[in-house]
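Note that the structure is predicted; figures quoted are calculated from it, not measured. In what follows, chains carry the letters A, B, and so on, assigned in the order in which the sequence lines appear, proteins first and then strands, with residues in each chain numbered from 1.
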Protein chains: 2
Amino acid sequence: MFELRLVQGSLLKKVLDAIKDLVNDANFDCSSSGFSLQAMDSSHVALVALLLRSEGFEHYRCDRNFSMGMNLNNMAKMLKCAGNDDIITIKGDDGSDTVTFMFESPTQDKIADFEMKLMDIDSEHLGIPEAEYQAIVRMPSAEFARICKDLSSIGDTVVISVTKEGVKFSTRGDIGSANIVCRQNTTVDKPEEATVIEMNDPVSLTFALRYLNSFTKASPLSNTVTISLSSELPVVVEYKIAEMGYIRFYLAPKIEEDEEETKP
Amino acid sequence: MFELRLVQGSLLKKVLDAIKDLVNDANFDCSSSGFSLQAMDSSHVALVALLLRSEGFEHYRCDRNFSMGMNLNNMAKMLKCAGNDDIITIKGDDGSDTVTFMFESPTQDKIADFEMKLMDIDSEHLGIPEAEYQAIVRMPSAEFARICKDLSSIGDTVVISVTKEGVKFSTRGDIGSANIVCRQNTTVDKPEEATVIEMNDPVSLTFALRYLNSFTKASPLSNTVTISLSSELPVVVEYKIAEMGYIRFYLAPKIEEDEEETKP
DNA sequence: CTCGACCCTA
DNA sequence: TAGGGTCGAG
């Protein structure tokens, strides 16, 4: 038996909006430490890791660890029926093949319960090692989203290059090419508007814009995004979820095709 | 000769937005008591009844009773050309096959007149008997609209059950099921936010959500909606039109298919 | 946060 | 053409 009560229900709505286009079906894992999910996207290229810590819930009861396979589109459909300031409770029983989402309006005048069928999903749960990154960029999530959207109208891939001075996003396509440079800038009014670069080594990596654009669907969850880069490692695009945890997207860099052109 | 002058022209615009998707062609009936319409929807399942009392018009002249057959989509098209605070005058002559809509801007700087061809429509005017209902629910129209929309993403039909405590909307579909309970609540700041239940007998009836969702197009006309239910009678979904009358939608309940499962 | 207007897609 | 989403304003 488990019961998780989340006062800020809109968070869960945003989480599902953020991942439902990337992942069709996934197991949610429930343990005493929190509610989490790890899944590959449907083309098996990107990985999503979500964590909502138990401390972030108003009430968190989980008698034993278990997984629930959900169709994320159906789950998102049900969560759309919750008001933005509704309190959402997720509950279920051991061995049941359904999960219940309960929505309480702030005034308690309207109480809805939605029961969703669970599904069997076999998933390999990969351990993701904590790594040292050559560079970590923190910037406003809306700005990152805008850049990825803009560049994808020119090219399919982006080269992200980090130096001490700033981060450069470059693309190239049939109609031309583009470079967008964001300088490190910590002297802004609000800290969430800052662009901060922590760099051990300069790094320059290429990624498919298609996936980055999917990741930016998580922008409503956080004003800032953190992009962690190392050669030979998947980039991590992280959106913190206030008081609760994070949603992280992993994407392997492309091997630069430019080298083809360098060959004899 | 008739001439109806309506100061709050936006009312008429909203009325047409509310019914034009449900009914294609209909006869408007003009008499000394008011301007009214009664029509079946195009699939002959639901019925719309509109009344705009003569007292609600600034000027109302109707020499003798008559009907005008109008294509509601064309009428809506013309009314879209009126500003939201225009004064609308509807006028015509006996035996003419056209009707004229005149729009005056509040400042009188712009005066438009639109002439529309009438059409011959044979309609049986059903007398709708006033009935006693087992239960009458009054609730905010926006809330009713939201519930019907939300539930239609899960199932096709809704069971509306009324008890003294509240009204429950339930549905069931492939991906799961849902129940939304609205408690009776009269202790709100504004009377139009109240949910009020007048119940003689508990009642539970099933309706096609598709039609209810059409009915909720009338929500802009009124902050509240009244739902009158009795076994074996069509439900009445009524939106009052301030100072003027009402728009009422009638829909027969579905015979519960669950009974099939009870049979041997 | 709710409402309305506009835009866009299905 | 209708429905959903987003954006902007109250």
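Shown here are the salt bridge (charged side-chain N to carboxylate O under 4.0 Å, His left out) partners of B/Arg53, two or more places apart in sequence or in another chain: there are none. In terms of the salt bridge (charged side-chain N to carboxylate O under 4.0 Å, His left out) criterion, residue partners of A/Lys80 (sequence neighbours excluded) are, by chain and number, A/Asp17. Taking the salt bridge (charged side-chain N to carboxylate O under 4.0 Å, His left out) definition, one finds that A/Glu192 meets it with nothing, sequence neighbours left out. Under the ring-ring contact (aromatic ring centres under 6.0 Å, His included) criterion, A/Tyr60 pairs with A/Phe57, not counting sequence neighbours. By the side chain to side chain donor-acceptor pair (under 3.5 Å) test, A/Asn179 is found to be paired with A/Ser170, residues two or more places apart in sequence or in another chain being considered. Here A/Arg138 pairs with nothing under the salt bridge (charged side-chain N to carboxylate O under 4.0 Å, His left out) rule; sequence neighbours left out. Every side chain to side chain donor-acceptor pair (under 3.5 Å) that B/Ser67 has, sequence neighbours left out, goes to B/Asp29.
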With the sugar-phosphate defined as primed atoms, P, OP1 and OP2, and the base as all remaining atoms, what B/S/- string results for nucleotides 2-10 of chain C, 5' to 3', for protein heavy atoms under 4.0 Å? ---S-----
Heteroatom pairs (N/O) under 3.5 angstrom, protein to nucleotides 2-9 of chain D:
unit_1 : atom_1 : unit_2   : atom_2 : d
D/dA2  : OP1    : B/Asp21  : OD1    : 3.3
D/dG3  : OP1    : B/Lys217 : NZ     : 3.3

